[in-house]
Every structure is written in C-alpha cells, then in structure tokens.
Student: 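Below: one structure in structure tokens.
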Amino acid sequence: SRTPGSAGSEGSASNKLAGRFGGGDKCPRCNKTVYMAEAKEGPNNIKFHRSCFSCLTCAKTLDSHFSERKGELYCKPCYTREFGPKGFGHPGASS
C-alpha cells in the first residue's frame with residue numbers, strides 16, 4: 001500500500017506536469033524528453049540534447065558541421081572514413 005507523496009507517486013505527478021506544459025520531443029540518442037532550453041536541432045528538424053549531439057563513432061561534440069546517415073550523427077572525418085570512397089588518398093584504401 002502506497003501513501004500519497006511516496007516515491008511511487010512522484011513519476012506520475014511529473015508526467016502530468018510534462019503533459020500540462022507541453023513536454024517535448026524525445027532525443028533519439030537517449031530516448032529522454034528534450035526541452036527547448038537544452039535542444040540542439042539535427043537533421044530533419046529532429047531535436048537532440050546538446051550532450052547527445054555527438055559523433056556516433058568518436059563521441060566528439062558536434063557543431064553545425066556534421067554528417068548524417070540513417071538518423072545517426074557523425075563528424076566529417078569519421079563519416080568520410082566509414083562511408084566515403086575507397087581508393088587513392090583515402091585512409092583504409094588498398095593499393
């Protein structure tokens with residue numbers, strides 16, 4: 001039996017407040033709500049937390065210069081290394 005104000009009722013109270021005040025979009029990296037003050041806009045107007053807006057490969061924090069593939073974010077060097085052309089002048093190329 002739970003009493004009012006117990007730890008079990010806090011979650012539902014915060015959910016009611018989030019619903020009342022509009023809540024926010026879900027961050028695709030951590031699946032938590034992104035509020036306007038902490039939002040960073042990614043591809044296709046998808047909202048990320050600033051701390052989640054990083055390269056999937058090297059975890060470098062990204063600014064406005066990033067690449068996207070299948071909804072995941074990459075810094076330019078990692079994207080080129082992972083998905084760029086293979087051949088002369090590119091790391092990982094066979095000669």
Side-chain angles (χ1 to χ4, degrees):
S1 70
R2 293 184 183 191
T3 58
S6 69
S9 65
E10 287 178 15
S12 62
S14 64
N15 286 342
K16 286 179 186 173
L17 287 175
R20 181 176 294 160
F21 294 109
D25 297 315
K26 295 283 184 190
C27 174
R29 279 278 169 91
C30 67
N31 248 359
K32 294 182 180 176
T33 302
V34 181
Y35 296 99
M36 202 170 195
E38 59 190 0
K40 179 85 173 167
E41 193 169 301
N44 302 321
N45 299 323
I46 296 172
K47 306 287 191 283
F48 289 78
H49 292 108
R50 290 187 189 278
S51 58
C52 295
F53 200 77
S54 61
C55 175
L56 183 66
T57 304
C58 70
K60 175 184 170 188
T61 301
L62 300 172
D63 53 17
S64 59
H65 303 288
F66 63 90
S67 295
E68 178 266 339
R69 182 176 175 108
K70 297 183 180 177
E72 291 296 348
L73 304 174
Y74 299 89
C75 64
K76 296 284 186 185
C78 287
Y79 184 87
T80 301
R81 189 173 21 259
E82 295 288 322
F83 308 109
K86 305 290 188 243
F88 182 77
H90 293 284
S94 57
S95 39

Student: Who are the ring-ring contact (aromatic ring centres under 6.0 Å, His included) partners of Phe53, not counting sequence neighbours?
Tutor: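 Listed in chain order: Phe48, Phe66.
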Student: With sequence neighbours excluded, tell me which residues meet salt bridge (Lys or Arg N to Asp or Glu O under 4.0 Å) with Glu82.
Tutor: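 Expected list: none.
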Student: Between His49 and Tyr35, is there a donor-acceptor pair closer than 3.5 Å when you use the side chain of the first and the backbone of the second?
Tutor: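 Such a contact is absent between His49 side chain and Tyr35 backbone.
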Student: Among pairs that include at least one residue of residues 37-55, which meet salt bridge (charged side-chain N to carboxylate O under 4.0 Å, His left out), considering only residues two or more places apart or in two chains?
Tutor: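 Checked against salt bridge (charged side-chain N to carboxylate O under 4.0 Å, His left out) - neighbours excluded - the pairs reaching residues 37-55 are Glu41-Lys47.
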Student: Just grab all the salt bridge (charged side-chain N to carboxylate O under 4.0 Å, His left out) pairs involving residues 54-78, residues at least two apart or on different chains.
Tutor: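 Checked against salt bridge (charged side-chain N to carboxylate O under 4.0 Å, His left out) - neighbours excluded - the pairs reaching residues 54-78 are Arg29-Glu72.
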Student: Search all heavy atoms of Cys30 against all heavy atoms of Cys52 and return the closest pair with its distance.
Tutor: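 The pair with the smallest heavy-atom distance is SG-SG, 3.9 Å.
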Student: Within the structure provided, determine whether Leu73 and Pro43 are in side-chain contact (heavy-atom separation under 4.5 Å).
Tutor: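 Yes; the side chains approach each other to less than 4.5 Å.
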Student: Apart from Phe83 itself, what residues make up its hydrophobic cluster, given side-chain heavy atom links below 4.5 Å?
Tutor: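 Members alongside Phe83: Leu56, Tyr74, Tyr79.
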Student: Measure across Ser54 and Leu62 and return the closest heavy-atom pair with its distance rounded to 0.1 Å.
Tutor: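 Closest approach of Ser54 to Leu62, heavy atoms only: C-CD1, 3.6 Å.
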